[in-house]
Number of protein chains: 2
Amino acid sequence: MGTDTKMALLDSAEKAVRSRGYDGFSYADLSSEVGVRTASIHYHFPTKANLATSLMERYNEMLEADLMALDAKAVSAAKRLRTHIDRYRKGLFDGEGLCLCVSFSISRESLEPRVLSELKRYRDISLNWLEKVFTEGKADGSVKSIGHPRQEAATWLAALEGAQLAARAEKDMTRFEETVALMLGRLD
Amino acid sequence: MGTDTKMALLDSAEKAVRSRGYDGFSYADLSSEVGVRTASIHYHFPTKANLATSLMERYNEMLEADLMALDAKAVSAAKRLRTHIDRYRKGLFDGEGLCLCVSFSISRESLEPRVLSELKRYRDISLNWLEKVFTEGKADGSVKSIGHPRQEAATWLAALEGAQLAARAEKDMTRFEETVALMLGRLD
DNA sequence: GTCTATACAAAGATAGAC
DNA sequence: GTCTATCTTTGTATAGAC
């Protein structure tokens, strides 16, 4: 294994949090999935809180990179919003996992301030990006009936996370599609 | 205490699940809040899974009663949807708690089939009721720009649960208001 | 970096007295 | 119904060998 054990642990932990919640997985779970002893996990992540922080940091870096890459493509606002929906659809893994941010929100009280600030950062990045795209959607006419861009952004993000919850509650991807149908319908 | 210990336990447990998640509270927590020993809790609820089931059953009964009472008032569709938003606003307890259903959805894997079916029932009741109200909103003209009622219902529920998550993530009720602003704007 | 061994606390749960 | 006492398992974490 060697140096990429740390990455394997992060991958396993992210999957665990997204599918069972922060309080719903243990180092023993990671141990059996990655193939190292729990003591070894503590070498890479001294505490579970530490691991949680690393998870949210990596998650936010990924988000920023994805959104930047999407902006660089210079396509219509509608097309970018469609790709944004795809992110959440893929992130569901057929009803197995939620947005890391949603999972962590529930366990709020068990988390350190550092994780909470990363949680807020995820939302800030998302809302600012969506607000910008809705403003552009008004200009290029690719998105139907846009209200106040900031409010559109907030509702959009909420509906997407709610759509993931719907699919997860019933382990049924059609619930996700049913929920985002109206959103997709607004995009040319 | 006597006979209403069971009710006090249910109240305490509901608050616990909604603010810390199913895997985030223990019988010890209930013990110190209600003022009975953990062994006594097992008398009322033999297992934690049993307690979870009781919680969701009571929650669904409350939902059904509330929606029926609301329908009985025979007010406009818009007014009923406004009251429905109020339910979720009050249920937040200033960013402390989520809909029980959302909390349980995260801990899906830790739950028994019985709880999962109650979870589905909560969503069915909600979606059917919303679909009906949106259909009536089309007829009485009190709700603006209605698409397919079933899809409106799904998006509405998702956005409300997402709005709760937003408020909880930042412990800030204005995040809830920001998220439901567009929804309120559609109601006469 | 990973292991074995172990410490220590907390969890869900049961037995039996009152 | 509630208590004390106890069991068993699991969870996070550390010490020290390799």
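Chain A is the first sequence line, chain B the second, and so forth, proteins listed ahead of strands; every chain is numbered from 1.
Applying the 4.0 Å criterion to OP1 and OP2 of D/dG1, one finds that B/Ser40 has every side-chain N and O outside that range. Between B/Thr38 and C/dG12 there is no side-chain N or O to OP1 or OP2 distance below 4.0 Å. Close to D/dA15, at under 4.0 Å from its OP1 or OP2, lies no side-chain N or O of A/His42.
Distance CG (A/Asn50) to P (D/dT14): 11 Å, rounded to an integer number of Å. With rounding to whole Å, A/Leu51 atom CG is found 10 Å from D/dT12 atom P. Computed from coordinates, the A/Lys48 NZ to D/dG11 C1' distance equals 8 Å when rounded to whole Å. When rounded to the nearest whole Å, the span between CD1 of A/Ile41 and P of C/dG1 equals 15 Å. In this structure, CG of A/Leu30 is placed 12 Å from P of D/dA13, rounded to the nearest angstrom. Atom OH in B/Tyr27 sits roughly 19 Å away from atom P in D/dT9 (whole-Å rounding).
Residue A/Phe45 is out of contact with every strand shown, counting any heavy-atom pair closer than 4.0 Å. Contacts of B/Tyr43 with the nucleic acid, taken as non-hydrogen atoms under 4.0 Å apart, include base atoms. Nucleic acid contact class of A/Ser26 (heavy atoms, under 4.0 Å, all strands): sugar-phosphate only.
Within the 4.5 Å cutoff, the side chain of B/Arg18 has no heavy atoms near those of the B/Arg168 side chain. Contact check for A/Tyr59 versus A/Glu64: no side-chain heavy atoms found under the 4.5 Å cut-off.
Transitive grouping of hydrophobic side chains (ILVMFWY, heavy atoms separated by less than 4.5 Å) keeps B/Leu111 and A/Ile106 in distinct clusters.
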TODO: Apply side chain to side chain contact (heavy atoms under 4.5 Å, CB included) to A/Arg150 and A/Leu127, showing your working.
DONE: CA-CA 7 Å; A/Arg150 185 70 190 184; A/Leu127 290 175; 3.7 Å; yes

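One distance of note links CZ of A/Phe104 with CG of A/Leu98; it measures 12.5 Å at 0.5 Å rounding.
In this structure, the nucleotide among C/dG12, D/dA13, C/dG1 sitting nearest to the side chain of A/His44 is C/dG1. Residue A/Arg37 has its side chain nearest to C/dT4 when only C/dT2, C/dT4, C/dA13 are considered. The A/Ala39 side chain lies nearest to C/dC3 when the options are D/dT2, D/dG11, C/dC3.
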